[in-house]
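Following: one structure in structure tokens, then a few remarks.
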Amino acid sequence: MSKESTLNLFRRLEQLNGIGAALSRERDIERLLENILEAAKTITGADGGTLYSVTEDQSALKFEILRTDSLGIRLGGTTGKAVDLPLLPLCTPDGAPNDSLIAAHAAIHDRTVNIADAYCAKGFDFSGTRAFDERTGYRSQSFLTVPMKNHDRELIGVLQLINARDPETGAIIPFSQADQSLAESLASQAAIALTNRLLVSQLERLFESFVNLINLINLAIDEKSPYTGGHCQRVPALTMMLAEAAHAVQEGPLAGFHMTERDRYELKMAGLLHDCGKITTPVHVVDKATKLQTLYDRIGLVETRVEVLKRDAELAALRRQLALWPVVDAAAEASIQQALQQELTALDEDRDFLRAVNQGVEAMSPADQQRVRDMGAQRQWRNPQGVQTSFLTADEVENLTIRSGTLTQAERDIINHHIVATNRMLETLPWPRHLKNVPEYAGGHHERMDGRGYPKGLTREQMSLQARMIGVADVFEALTAADRPYKSGMSLSQALDIMVKMRNGGHIDPDLFDVFVSQGVPQRYAQEFLDPAQIDV
């Protein structure tokens with residue numbers, strides 16, 4: 001080999017190494033396929049070429065990219081022009097190998113086919129090639145066809161090059177042995193790059209399917225509870241609004257915060273998954289609209305007992321009246337009726353009082369709490385077994401004396417456990433590197449800046465800015481949501497007044513809240529998600 005040939009080969013090897021590195025960096029599948037063919041054409045000096053992929057059932061080859069420089073033909077890939085040609089079957093109708101087609105033959109037998117002149121080749125059907133040449137005036141001559149296989153030796157495609165050109169004269173020449181070696185090496189590198197990209201794409205689709213599964217679970221919960229599903233959709237949307245607002249800030253404490261598309265995707269996934277642990281929360285606790293509600297509202301049982309006590313009071317009055325017979329004592333009867341009426345009135349008042357406190361709309365005063373306890377301790381009724389027992393059970397007293405809202409501390413603990421379940425679920429998964437922060441982002445939205453939150457008691461300094469964003473979004477959505485069973489949605493002014501107190505009290509991040517307000521995020525969110533009557537700012 002001459003010195004000039006050696007230098008040329010060395011340059012081509014360097015070119016091959018550079019191409020391999022470039023292919024490994026490409027993320028877009030169509031551009032990657034295009035780059036593989038263009039690189040093969042460049043390194044071998046070919047005028048044209050075709051890249052085939054194998055169909056999913058491994059039965060045929062599909063045209064992906066088609067190029068012929070001298071004819072200006074550019075189809076497939078990023079051109080937006082599909083290759084409108086039929087599949088190349090790998091087997092004939094009777095099941096025999098389709099060895100008459102050169103690309104199929106190379107794929108079936110896993111070997112490179114190097115043909116100096118297609119018109120003189122034996123054993124292959126080039127009738128389609130000849131017809132193409134007749135239509136275009138082209139002369140298809142030298143062919144180099146290389147199968148591409150992945151790490152499991154499974155066929156993933158075929159690389160075919162046409163008409164090697166002499167670098168000096170431009171004349172069509174056969175592909176040399178060096179061309180063949182370089183093309184085979186490139187096909188091997190390309191197969192690795194393509195397989196890796198396909199695997200990454202499959203993993204991304206798998207992860208997105210997992211997220212969709214979680215959303216389907218949320219929707220399934222939504223069928224039973226119309227409250228959780230809406231929350232799980234609104235919080236991610238509000239989180240991204242706040243994140244974009246922080247990204248746009250040019251001055252102040254958050255001026256250094258910037259997001260790439262990968263950062264946005266990671267935060268979006270965290271927002272979607274921030275409450276995935278609620279699949280473990282009993283629906284009757286999530287939906288608890290009144291203090292006595294479990295699977296049903298037990299206020300009906302209490303009202304039934306009131307009616308039983310009223311009946312018993314009437315029976316007792318009738319018995320006292322009968323005890324007077326046969327003596328007619330108008331004064332005694334009037335006294336009995338008056339006492340009965342007082343008892344019935346007192347029972348009606350107690351029933352109405354319990355109905356009101358059962359709603360849990362307003363904070364309960366200590367006096368009202370004591371009144372419930374006195375009813376439970378002092379009133380008696382005869383149960384279906386005929387036994388005299390307390391008018392209210394201990395559990396009913398505990399629920400009816402809840403100071404604010406409808407949940408007991410035990411029920412709050414059950415609901416709060418959803419964040420523990422969320423953390424366990426997300427921290428168990430083997431997250432890819434570009435999504436490794438999803439568990440931390442999603443799992444911190446119930447922490448407080450002063451370290452008094454849950455489940456880990458983290459302080460502001462121990463949390464990422466993204467986790468704090470989801471925390472702000474979670475609070476605002478909860479305050480303004482109009483689909484909760486135990487409250488109506490607050491107006492913007494009411495919600496922001498409360499959040500100012502939370503900001504000053506160390507509950508939510510002060511810098512994020514300032515950006516939240518100054519950049520008009522509440523108004524943008526309200527226009528999309530809130531009732532117009534709530535928009536008063």
Side-chain angles (χ1 to χ4, degrees), residues 225 227 282-412 414-415 484-488:
S225 165
Y227 318 114
V283 175
H284 72 272
V285 177
V286 176
D287 287 4
K288 193 180 181 191
T290 65
K291 293 181 179 180
L292 288 180
Q293 183 172 327
T294 52
L295 296 177
Y296 61 96
D297 192 347
R298 292 175 292 166
I299 193 66
L301 296 179
V302 174
E303 291 173 342
T304 299
R305 291 174 208 156
V306 170
E307 292 303 316
V308 170
L309 287 175
K310 290 169 69 175
R311 180 204 62 188
D312 288 348
E314 290 171 345
L315 290 175
L318 288 173
R319 290 191 182 99
R320 287 197 295 273
Q321 287 177 325
L322 286 173
L324 297 175
W325 190 85
V327 178
V328 177
D329 188 339
E333 287 193 5
S335 176
I336 291 171
Q337 285 296 321
Q338 183 181 8
L340 172 62
Q341 193 57 49
Q342 289 175 346
E343 178 67 11
L344 294 179
T345 299
L347 285 169
D348 285 340
E349 289 175 351
D350 285 348
R351 178 198 60 207
D352 293 341
F353 168 73
L354 293 176
R355 281 176 179 170
V357 300
N358 185 46
Q359 298 303 310
V361 176
E362 298 179 359
M364 198 172 185
S365 68
D368 286 344
Q369 289 175 313
Q370 188 58 47
R371 181 177 174 182
V372 172
R373 296 188 187 100
D374 290 344
M375 285 186 202
Q378 297 171 11
R379 280 199 180 275
Q380 299 279 310
W381 78 297
R382 183 174 288 102
N383 65 21
Q385 288 74 40
V387 177
Q388 285 289 117
T389 187
S390 298
F391 174 67
L392 297 174
T393 67
D395 181 70
E396 289 166 348
V397 170
E398 179 187 6
N399 278 269
L400 286 168
T401 54
I402 294 170
R403 192 187 70 82
S404 182
T406 62
L407 299 175
T408 65
Q409 186 56 50
E411 288 165 340
R412 290 185 184 278
I414 290 172
I415 287 184
R484 305 300 167 87
Y486 44 82
K487 72 173 190 66
S488 57

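Quick note: numbers below take in every heavy atom, side chains included, and nothing from hydrogens, waters or symmetry partners.
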Strictly below 4.0 Å, N to O, side chains only: are [X] and [Y] in salt-bridge contact?
X	Y	result
Asp368	Arg371	no
Arg379	Glu343	yes
Arg351	Asp348	yes

Nearest 0.5 Å, please: how far is [atom2] in [Y] from [atom1] in [X]?
X	Y	atom1	atom2	value
Arg320	Leu340	CZ	CG	7.5 Å
Leu309	Thr304	CG	OG1	11.0 Å
Met364	Ser404	CE	OG	11.5 Å
Phe353	Leu400	CZ	CG	8.5 Å

What are the two closest heavy atoms between [X] and [Y], and how far apart are they?
X	Y	answer
Lys288	Leu407	CD-CD2, 3.8 Å
Ala332	Leu324	CB-CD1, 3.8 Å
Leu392	Gly376	CB-CA, 3.9 Å
Phe391	Arg305	O-NH1, 2.7 Å
Pro282	Ile414	CD-CG2, 3.6 Å

_4.5 Å side-chain heavy-atom contact, Gln293 and Thr406_ = no
*Yes or no on side chain to side chain contact (heavy atoms under 4.5 Å, CB included) for Arg382 and Val308, after CA distance, side-chain angles and deciding distance?*
CA-CA 8 Å; Arg382 183 174 288 102; Val308 170; 5.8 Å; no
*Among side-chain atoms of Thr290 and Asp297, is any donor-acceptor pair under 3.5 angstrom?*
yes
*asked:* Show, in sequence, the C-alpha distance, side-chain angles and deciding distance for Leu292 and Leu354, and conclude whether the side chain to side chain contact (heavy atoms under 4.5 Å, CB included) test is met.
replied: CA-CA 10 Å; Leu292 288 180; Leu354 293 176; over 6 Å; no
*Using the side chain to side chain contact (heavy atoms under 4.5 Å, CB included) rule, take Val285 and Ile415 through it: C-alpha gap first, then chi angles, then the decisive distance, then the call.*
CA-CA 7 Å; Val285 177; Ile415 287 184; 3.6 Å; yes
_Test log, rule side chain to side chain contact (heavy atoms under 4.5 Å, CB included), inputs Glu396 and Asn399_ = CA-CA 5 Å; Glu396 289 166 348; Asn399 278 269; 5.9 Å; no
*Would you say Glu362 has more than 12 foreign heavy atoms packed within less than 6.0 Å of its CD?*
no
*Decide salt bridge (charged side-chain N to carboxylate O under 4.0 Å, His left out) for Glu314 and Arg311; before the verdict, give the C-alpha distance in whole Å, the side-chain angles of both, and the deciding distance to 0.1 Å.*
CA-CA 5 Å; Glu314 290 171 345; Arg311 180 204 62 188; over 6 Å; no
*asked:* Between Thr345 (side chain only) and Gln341 (backbone N and O only), is there a donor and an acceptor less than 3.5 Å apart?
replied: yes
*Any donor-acceptor pair under 3.5 Å linking the side chain of Lys291 with the backbone of Gly360?*
no
